[in-house]
K.L.:
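The structure under discussion is supplied below as C-alpha cells; questions concerning it will follow.
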Amino acid sequence: MERVSETLVSREEIEAAVTRLAKEISEDYKGKDLIVVGILKGAAVFLADLIRKIDCPMIMDFMQVSSYYNGTVSSGNVKIKKDLDYDISGKDVLIVEDIIDSGVTMQCLKRELFSRNPGSIRVVAAFDKPSRRTVDFKADYVGIEVPDKFIVGYGLDYAGKYRNLPDVCVLEVDGGDK
Ligand code: IMP
Ligand code: MG
C-alpha cells in the first residue's frame with residue numbers, strides 16, 4: 001500500500017510560482033498568436049490556475065499522450081490518445097505539462113507538434129526533476145524544481161488518485177519506488 005508522507009511544496013509556494021510564470025508568459029506572448037496546450041490529465045489543475053493569470057489573448061486545447069522509448073535519443077515515439085481540436089500551423093504553441101521526469105514525453109511531443117508547422121513551440125512545466133533526465137530536454141519555463149522523489153497532488157497522481165490534493169506531497173509505496 002502507498003502512503004502520502006510529508007508536504008514537499010505547499011500551495012502557497014505553488015501559487016507564487018504560477019504567478020511568476022504567468023507574468024513571464026504574458027510578457028513573452030504579447031502580440032503573438034498563443035495556443036495553450038494542456039497535457040491531460042496531470043496538467044489540468046496547473047493549466048486552470050495558470051491561464052487565469054495570463055493576460056494576453058489565447059485559445060486553449062488539450063492532448064493526451066503516452067511515450068514509447070526504446071533507448072536511443074532520436075527514436076522516442078509518442079502515442080496520441082487524444083489529439084488537438086485546433087490546427088496549430090503558424091500559431092505560437094505553449095505546451096503545459098505537470099512535471100518533466102526523463103524528458104522523453106516532452107521531447108517526443110515537441111517533435112510531433114513541430115511537424116505540424118507551428119510558428120513556435122515552448123514548454124511550461126509546473127515541476128521539474130532534472131536529476132532524472134535520460135534525454136537532453138529543457139523546459140522553457142519551470143515552476144519548481146523537485147528532488148528525485150515520487151510526488152502527488154496539484155494534478156499529479158498515483159494510480160489515478162491524489163490529483164485533488166492542494167499541496168504537493170511525497171508518496172511512499174511499500175515494496176517499490178512508485
Ligand atoms: P517523462 O517522459 O519521464 O518526462 O514523464 C513525465 C510524466 O511522468 C509526467 O507527465 C507525469 O505524468 C509522470 N510523472 C513523472 N514523475 C512523476 C511524479 O513524481 N508523480 C506523478 N507523476 C509523475
Ligand atoms: Mg503526464
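The figures that follow rest on heavy atoms only: side chains count, while hydrogens, waters and symmetry mates do not. Whatever order the structure lists ligands and atoms in, that order sets their numbers, starting from 1.
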K.L.:
Which ligand 1 atoms, with their elements, are less than 4.0 angstrom from a heavy-atom of D98?
P.N.:
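Those of ligand 1 that fall under 4.0 Å from D98 are 9 (C), 10 (O), 11 (C), 12 (O).
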
K.L.:
Which of the numbered atoms in ligand 1 are under 4.0 angstrom from any heavy atom belonging to K129?
P.N.:
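Selected atoms, number and element: 16 (N), 17 (C), 18 (C), 19 (O).
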
K.L.:
Would you confirm whether N117, through its side chain, and S89, through its main-chain N or O, come within 3.5 Å as a donor-acceptor pair?
P.N.:
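No: the side chain of N117 does not pair with the backbone of S89.
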
K.L.:
Please state whether G42 comes within less than 4.0 angstrom of ligand 1, counting heavy atoms only.
P.N.:
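The answer is no, since G42 has no heavy atom less than 4.0 Å from ligand 1.
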
K.L.:
Need the ligand 1 atom indices (1-based, order shown) with element for anything under 4.0 Å from a heavy-atom of I99.
P.N.:
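Contacts of ligand 1 toward I99, numbered from 1: 6 (C), 9 (C), 10 (O), 11 (C), 14 (N), 15 (C), 16 (N), 17 (C), 23 (C).
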
K.L.:
If you count the atoms of ligand 1 from 1 in the order shown, which ones are under 4.0 Å from a heavy atom of T105?
P.N.:
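It comes down to these atoms of ligand 1: 1 (P), 2 (O), 5 (O).
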
K.L.:
If you measure every N or O of I100 against every N or O of ligand 1, does any of those distances drop under 3.5 Å?
P.N.:
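I100 vs ligand 1: no N/O contact under 3.5 Å.
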
K.L.:
In the single-linkage hydrophobic clustering (I, L, V, M, F, W, Y; side-chain heavy atoms under 4.5 Å), do V170 and V45 co-cluster?
P.N.:
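V170 and V45: one cluster.
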
K.L.:
Answer with side chain, backbone, both or neither: which part of E97 has a heavy atom less than 4.0 angstrom from an atom of ligand 1?
P.N.:
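The answer is the side chain of E97.
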
K.L.:
Which ligand 1 atoms are under 4.0 Å away from a heavy-atom of G103?
P.N.:
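Near G103, meaning under 4.0 Å from one of its heavy atoms, ligand 1 has 1 (P), 3 (O), 4 (O).
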
K.L.:
Mark yes when over 12 heavy atoms from residues, nucleotides or ligands other than M58 sit less than 6.0 Å from its CE; otherwise mark no.
P.N.:
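Yes, enclosed.
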
K.L.:
Are any of the side-chain nitrogens in R11 or E15 under 4.0 Å away from the carboxylate oxygens of its partner?
P.N.:
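Salt bridge flag = no for E15 with R11.
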
K.L.:
Should the pair Y141 and Y29 be assigned to parallel (<30°), tilted (30 to 60°) or perpendicular (>60°) ring geometry?
P.N.:
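It falls in the tilted class, 30° to 60°.
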
K.L.:
Does the side chain of S120 come under 3.5 Å of the side chain of D92 through a donor N or O and an acceptor N or O?
P.N.:
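Result is yes, a qualifying pair exists.
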
K.L.:
Do T19 and K53 have side-chain atoms, one donor and one acceptor, less than 3.5 Å apart?
P.N.:
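A pair is found: one side chain offers a donor N or O, the other an acceptor, under 3.5 Å apart.
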
K.L.:
Does D157 reach ligand 1, in the sense of a heavy atom lying below 4.0 Å from it?
P.N.:
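Contact present.
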
K.L.:
So which atom in D140 and which in V123 form the shortest heavy-atom distance, rounded to 0.1 Å?
P.N.:
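Of all heavy-atom pairs spanning D140 and V123, the closest is OD2-N, 2.8 Å.
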
K.L.:
With a 4.0 Å cut-off on heavy atoms, does V152 reach ligand 1?
P.N.:
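Flag not set, V152 not near ligand 1.
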
K.L.:
Is the shortest side-chain heavy-atom distance between Y154 and V9 below 4.5 Å?
P.N.:
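No; the side chains remain at least 4.5 Å from each other.
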
K.L.:
For K149, take its heavy atoms, then give the atoms of ligand 1 lying under 4.0 Å from any of them.
P.N.:
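So the answer, numbered in order with elements, is 19 (O).
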
K.L.:
So is there a nitrogen or oxygen of L156 less than 3.5 Å from a nitrogen or oxygen in ligand 1?
P.N.:
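No.
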
K.L.:
Is there a heavy atom of R132 sitting under 4.0 angstrom from any atom of ligand 1?
P.N.:
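No.
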
